[in-house]
Amino acid sequence: MNAETLLASLHLATPELLLAVGALVLLMIGVFTNRASLVNGLAVALLIVVGAWLLLVPTDGVAFGGAYIADSYGRFMKVLALIGSIVTMVMASGQARANNLDKFEFPVLLVLATLGILLMISAGSLISLYMSLELQSLALYVIAALNRDSLRSTEAGLKYFVLGALSSGMLLYGMSLVYGFTGNVEFAKIAAVLTAGHANIGLVFGLVFVLAGLAFKISAVPFHMWTPDVYEGAPTPVTAFLAAAPKVGAMAILVRVVMDAFQPITTDWQQVIVFISIASMVLGSVAAIGQRNIKRLMAYSSIGHMGYALVGLAAGTQQGIEGVLLYMAIYLVMNLGTFACIMAMRTKEGEALESIDDLAGLSQTRPVMAFVLTALMFSLAGIPPLAGFFGKYFVFLAAIEAHLYALSVIGVLASVIGAYYYLRLVKVMWFDDAKIEFAATSGTLRVVFALSGLFVVGYVLIGGPLGSAASAAAASLFH
């Protein structure tokens, strides 16, 4: 690689470079000033600058010898991931002391995790995929266990680390098999080899292990076992982050791997995606019914929603990928809004509440919050005309057009079952007698849940531009 191609590559990867250098500068500022609020504010500003760069200076191309891909698909997913990171960081700033997260390391680790997510979305080879995945994962293991005074938080971090290491091992084993049978690590070259010849059984084994490693990251069944414990044990701002940006990044790279590298053997990976999609939808709907802790409920909800998003990927068509992109955008907003409401569940003494029963009579004590949370629950259940309905509609439509009728029917049935536990929350808020009055909600949380409520209620009016952006992003994978 000569100086000219290196400079061109660095220009394409400017957003990631800004984040990498910014994280190091923030670390220095934190060490010398030890002011968590200052580092947090600067970290938010840095993420906003990177998001603005992505939107205002769009660049397409391949960098670092095929290891990095810049395209409109990557930009769409990166902007979603950055929105998730920015909103969770802003929400966490008001809750830092209460959750024992008022340490300058927290925003620095979030920036590093976001850097890993952005690099992962643009990965063009198996090696850059693995390196970026590990950068993201190592930061997430630490922030899950950051509240060292809490036994639950420490246990959550340890479980996440052990199971994450297992999934990384599976992913590496799969990658070594793919490399062994194709002689390449770049996605484009793997696809060229598969187009020229037939996939043998060894390569299919490798593909299955790669998909298993990536399924762990989106917490799809049967690799979901870490999700409920980590969601419940980690501090709530950390759980909000885990449910947002990393999910977007993992789904983005799963789509890129199967569409860029393994497109010629669609029938082989389609079976795997259909299986984990059905398993995730069914388990996410059924296992959540008995939950009493709202964070565990959101964990099972997340497992189910990843299953719905995979319905679009299983179709393997441009329309299907468009459905996945729209679904992830809507899912992100619904999740951030719901976690803003969960963070607002505090007694006047400052104690965090996590039981569903603590929401009893919320409509009498906090009517605006009750209305927004009701809208978000209806949207998560997929009730029209809210945003969540359109997310499910587009992925099921793509599956039907790809003749995956059984998958669509199972998805709709799982959605009906899942509606039960969302509606139970609504019943508790509106029909049960109030037991506890929550403390006054901070301004940042009010803004987040108000904006997310407006988004899900008014999606019919604003869905057009988002649909156009998703369509253009999906088309870049099929050039």
Side-chain angles (χ1 to χ4, degrees), residues 8-23 26 41-63 68-91 107 110-124 132 136 241 244-253 255-256 321-322 324-337 387 391 447-448 451-452 454-455 458-459 461-479:
S9 294
L10 291 173
H11 175 66
L12 284 172
T14 302
E16 287 80 4
L17 280 174
L18 285 172
L19 273 186
V21 173
L26 288 172
L42 290 172
V44 171
L46 173 66
L47 292 175
I48 291 170
V49 167
V50 172
W53 180 280
L54 281 165
L55 291 169
L56 301 174
V57 192
T59 46
D60 288 1
V62 178
Y68 179 97
I69 300 168
D71 56 7
S72 54
Y73 168 76
R75 273 195 300 282
F76 184 91
M77 292 307 246
K78 284 179 187 179
V79 169
L80 285 190
L82 284 167
I83 289 169
S85 300
I86 291 163
V87 173
T88 44
M89 216 178 270
V90 168
M91 290 197 296
L110 279 186
V111 170
L112 287 170
T114 309
L115 169 62
I117 292 164
L118 262 56
L119 283 169
M120 188 165 72
I121 292 169
S122 277
S132 52
Q136 171 215 315
F241 180 73
K247 286 281 196 316
V248 172
M251 185 60 79
I253 192 59
V255 171
R256 198 186 282 284
I321 304 305
E322 200 179 313
V324 174
L325 296 179
L326 269 177
Y327 200 96
M328 292 312 293
I330 292 166
Y331 165 82
L332 180 80
V333 176
M334 295 189 299
N335 248 36
L336 291 173
V447 168
V448 172
L451 287 176
S452 59
L454 285 171
F455 177 86
Y459 182 79
L461 305 173
I462 56 170
L466 186 62
S468 304
S471 185
S476 69
L477 284 180
F478 291 85
H479 47 63

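Every heavy atom of this structure was used, including side-chain atoms; hydrogens, water molecules and symmetry mates were not.
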Can you tell me how far apart [atom1] ([X]) and [atom2] ([Y]) are? Round to the nearest 0.5 Å.
| X | Y | atom1 | atom2 | value |
| --- | --- | --- | --- | --- |
| I83 | T88 | CD1 | OG1 | 11.5 Å |
| E16 | T114 | CD | OG1 | 11.5 Å |
| M328 | M77 | CE | CE | 5.5 Å |

If I compare all heavy atoms of [X] with all of [Y], which pair ends up nearest, and what's the gap?
| X | Y | result |
| --- | --- | --- |
| L46 | L18 | CD1-O, 3.8 Å |
| I117 | A81 | CG2-CB, 3.8 Å |
| L80 | L325 | CD1-O, 4.3 Å |
| L118 | K78 | O-CE, 3.4 Å |
| L477 | V255 | CD1-CG1, 3.8 Å |
| M89 | A43 | SD-CB, 3.5 Å |

So do the side chains of [X] and [Y] get within less than 4.5 Å of each other, counting heavy atoms only?
| X | Y | answer |
| --- | --- | --- |
| L119 | L19 | no |
| F241 | S85 | yes |
| L466 | F76 | yes |
| T14 | V57 | no |
| D71 | R75 | no |

Side-chain donor or acceptor of [X] paired with backbone N/O of [Y] under 3.5 Å:
| X | Y | answer |
| --- | --- | --- |
| R256 | I121 | yes |
| Y73 | A470 | no |
| S471 | G467 | no |

Residue list, salt bridge (charged side-chain N to carboxylate O under 4.0 Å, His left out) with K247, at least two apart or on another chain: none

Selection residues 44-59 - residue pairs positive for side chain to side chain donor-acceptor pair (under 3.5 Å), sequence neighbours left out: none

Just jot down the side chain to side chain donor-acceptor pair (under 3.5 Å) partners of [X], sequence neighbours excluded, or say none.
| X | value |
| --- | --- |
| S476 | S72 |
| Y331 | S302, N335 |
| Y459 | none |

Those residues that, when tested against V333, pass side chain to side chain contact (heavy atoms under 4.5 Å, CB included) (two or more places apart): S452, F455

